[in-house]
Amino acid sequence: MTDSHSVSDALYMAKALTLAKKGLYTTTPNPRVGCVLVKDDYIIAEGWHVVAGCGHAEVQALKQTSEAMGATAYVTLEPCSHYGKTPPCCDALIQAGIKRVVVAMEDPNPLVAGQGLKKLREAGIEVVCNVLALEAENLNRGFIKRMRTGRPFVRSKLAMSLDGRTALENGESKWITSAQAREDVQHYRAQSCAILTGINTVLADDPALNVRLLESPVVQPIRVVLDSQLKMPVTAKMATLAGQTWVLTCSGDIYKKKQLEHAGFNIFQLPESNGHVDLPAVLDFLGQQQLNEVLVEAGAILNGALLSANLVDEWLIYMATCVLGDKGRGLFSLPDLHTMADKKVFSLKEVRQIGVDLKLTLTN
């Protein structure tokens, strides 16, 4: 690849990634993909995947022009080569007479996984791969992880005071953080396929766990509650809201199950571990339901269990400039740590100021 091609390829791929982000809240369970068609160093068409079941980015772009013959297509993910809800995008590019395809990354979906690139090359099309690959991977971390491991990308959101407390001793926690921080959380809710919490949070706060405050089109995430003993009240607020609420339990109580189903909940029985729903089984189940990204909004018990099992990919901790005192509730409920060697260590990815609060993005 010449230097001039390298520069222009990166510029046009950056444009395609910007288009892909327009589907940030709507494409589940599909990846977010953008496409730019370029001819004689001029953009002749653009497209992005808007919602599952509708045309993929390449097809959307091809619909915008009748001049695709001899053009270059910039696509943020390898064009599909199989029939799903829509025909293969490879065929559409070949039939349109595209002469060159630049791809950000290979599709991790085993149904594609290099087959799309192979088909394009066999049709005589020049193919370039791995242009802004890291940026493309970051856009679809959930889809990529699910394709590679069968589990969704898990992100946990917590809010704390300067002294690491999430609530007062009596449980009062509204509001530790600023309105700007709470609005920031709405964007993470909107791009998640599901919001996961525990029954103790439901019993204490009766949360809605839905997306609010955003003007963009949003697919409401599924509310998922871990409820080992089926303590979910039939009067819980989330039963009255649009969208689905799933209760994952290890209880076999048929009477409670029918009561909750009658109230509008979806009940799923999963394996048990030490009297609780088995957490690895939870993530396996959510992956099987084609959920790419899961946002955890829960208390110290569930977050402590997830931390101990190393099941969270990313932690978002909003730190407010206030102090709640040493009797306040902590972030994690963990077994006693007796030596410094037992401590839980995180890697700091990013620090940002959101309103008057700090947002820490961490991995462990």
Side-chain angles (χ1 to χ4, degrees), residues 20-21 24-25 27-32 76-77 104-109 133-160 166 184-198 201 209 211 221-226 246 248 270 273 277-319 331-334 343-352 354 358-364:
K21 290 176 184 176
L24 189 64
Y25 305 143
T27 64
T28 181
N30 292 349
R32 300 128 183 169
T76 59
L77 189 68
M105 63 173 290
E106 185 176 296
D107 193 333
N109 186 342
L134 181 59
E135 291 83 350
E137 288 183 12
N138 285 337
L139 183 61
N140 285 305
R141 286 186 290 178
F143 176 79
I144 292 168
K145 185 186 175 190
R146 181 168 67 84
M147 287 296 115
R148 291 176 177 168
T149 71
R151 292 179 176 177
F153 182 90
V154 180
R155 177 186 286 118
S156 182
K157 182 277 296 182
L158 303 104
M160 71 175 189
T166 64
D184 191 59
V185 172
Q186 294 294 317
H187 294 274
Y188 288 102
R189 284 188 179 185
Q191 71 184 61
S192 300
C193 305
I195 300 176
L196 176 68
T197 195
T201 296
L209 298 183
V211 180
I222 297 167
R223 296 171 290 271
V224 179
V225 181
L226 303 188
W246 296 356
L248 309 188
L270 297 185
S273 177
V277 179
D278 183 71
L279 292 178
V282 167
L283 297 187
D284 289 338
F285 171 78
L286 297 180
Q288 290 162 9
Q289 309 312 306
Q290 297 188 306
L291 303 187
N292 294 332
E293 296 182 35
V294 172
L295 178 65
V296 179
E297 296 197 34
I301 294 175
L302 180 52
N303 274 304
L306 290 167
L307 176 61
S308 296
N310 196 29
L311 294 175
V312 174
D313 298 291
E314 184 175 86
W315 301 90
L316 299 175
I317 300 183
Y318 294 84
M319 186 168 68
L331 284 177
F332 301 103
S333 177
L334 294 169
K343 66 186 178 185
K344 301 295 183 181
V345 179
F346 296 84
S347 296
L348 183 62
K349 290 178 57 181
E350 184 183 45
V351 180
R352 288 185 58 201
I354 306 290
L358 286 181
K359 181 174 80 171
L360 311 179
T361 304
L362 307 157
T363 57
N364 64 293

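For the numbers below, each heavy atom of this structure counts, side chains included, while hydrogens, waters and symmetry mates do not. Since the structure is predicted, the reported quantities are computational estimates derived from the model, not experimental observations.
With rounding to the nearest 0.5 Å, the separation of CE in Met160 from CG in Leu360 is 6.0 Å. Rounded to the nearest 0.5 Å, atoms CD1 (Ile144) and CG (Asn292) are 10.0 Å apart. Leu158 CG to Leu316 CG: the interatomic distance, rounded to the nearest 0.5 Å, is 8.5 Å. Rounded to the nearest 0.5 angstrom, Ile354 CD1 and Asp184 CG are separated by 4.5 Å. Residue Thr361 holds its OG1 atom at 7.5 Å from OH of Tyr318, rounded to the nearest 0.5 Å. Here OH of Tyr188 is found 12.5 Å from CD of Glu297. Values are rounded to the nearest 0.5 Å.
Counting heavy atoms from C-beta outward, Leu302 and Thr197 have side chains that stay 4.5 Å or more apart. No side-chain heavy atom of Leu283 sits under 4.5 Å from any side-chain heavy atom of Val294. By the 4.5 Å heavy-atom criterion applied to side chains, Pro108 and Leu77 are counted as neighbours. Side-chain contact between Leu307 and Val312: absent, with no pair of heavy atoms (C-beta onward) separated by less than 4.5 Å. Using a 4.5 Å heavy-atom cutoff, the side chains of Gln290 and Thr28 are not in contact.
For Arg141, the salt bridge (Lys or Arg N to Asp or Glu O under 4.0 Å) partners two or more places apart in sequence, or in a different chain, are Glu314. Applying the ring pair (Phe, Tyr, Trp, His ring centres under 6.0 Å) criterion to Phe332, with sequence neighbours excluded, gives Trp315.
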Original post:
Could you walk me through whether Val154 and Leu311 pass the side chain to side chain contact (heavy atoms under 4.5 Å, CB included) check?
Top reply: CA-CA 7 Å; Val154 180; Leu311 294 175; 6.0 Å; no
Subject >> Check against side chain to side chain contact (heavy atoms under 4.5 Å, CB included), Leu295 and Gln191 >> reply: CA-CA 9 Å; Leu295 178 65; Gln191 71 184 61; over 6 Å; no
Original post:
Would Leu139 and Leu24 count as a side chain to side chain contact (heavy atoms under 4.5 Å, CB included) if you check the C-alpha gap in whole Å, the side-chain angles of each, and the deciding distance to 0.1 Å?
Top reply: CA-CA 8 Å; Leu139 183 61; Leu24 189 64; 4.3 Å; yes
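Shortest non-hydrogen contact noted between Val225 and Gly198 is CG1-C, 4.1 Å. The nearest pair of heavy atoms linking Gly299 to Thr201 is N-OG1, 3.4 Å. When all heavy atoms of Pro31 and Phe143 are compared, the pair lying nearest together is CD-CE1, 3.6 Å. Heavy atoms only, all atoms of each residue included: Ser273 and Asp278 are closest at CB-OD1, 3.3 Å. Contact record, Leu286 with Pro152: CB-CG, 4.1 Å, taken as the closest heavy-atom pair.
Applying the salt bridge (Lys or Arg N to Asp or Glu O under 4.0 Å) test between Asp313 and each of Lys145, Lys349, Arg146 identifies Lys145 as the sole match. For the pairing with Asn303, the side chain to side chain contact (heavy atoms under 4.5 Å, CB included) check across Thr166, Leu331, Val296 returns one residue only, Val296.
Remark: side-chain polar atoms of Arg155 are not paired, donor with acceptor, to backbone N or O of Ser192 under 3.5 angstrom. A distance-only check finds no donor-acceptor pair linking the side chain of Arg32 to the backbone of Thr27 [under 3.5 Å].
Atom CD1 of Ile301 has 12 or fewer neighbouring heavy atoms from other residues, nucleotides or ligands inside a 6.0 Å radius.
For residues 279-289, the pairs satisfying side-chain hydrogen bond (donor to acceptor under 3.5 Å, both in side chains) are Arg151-Asp284, with sequence neighbours left out.
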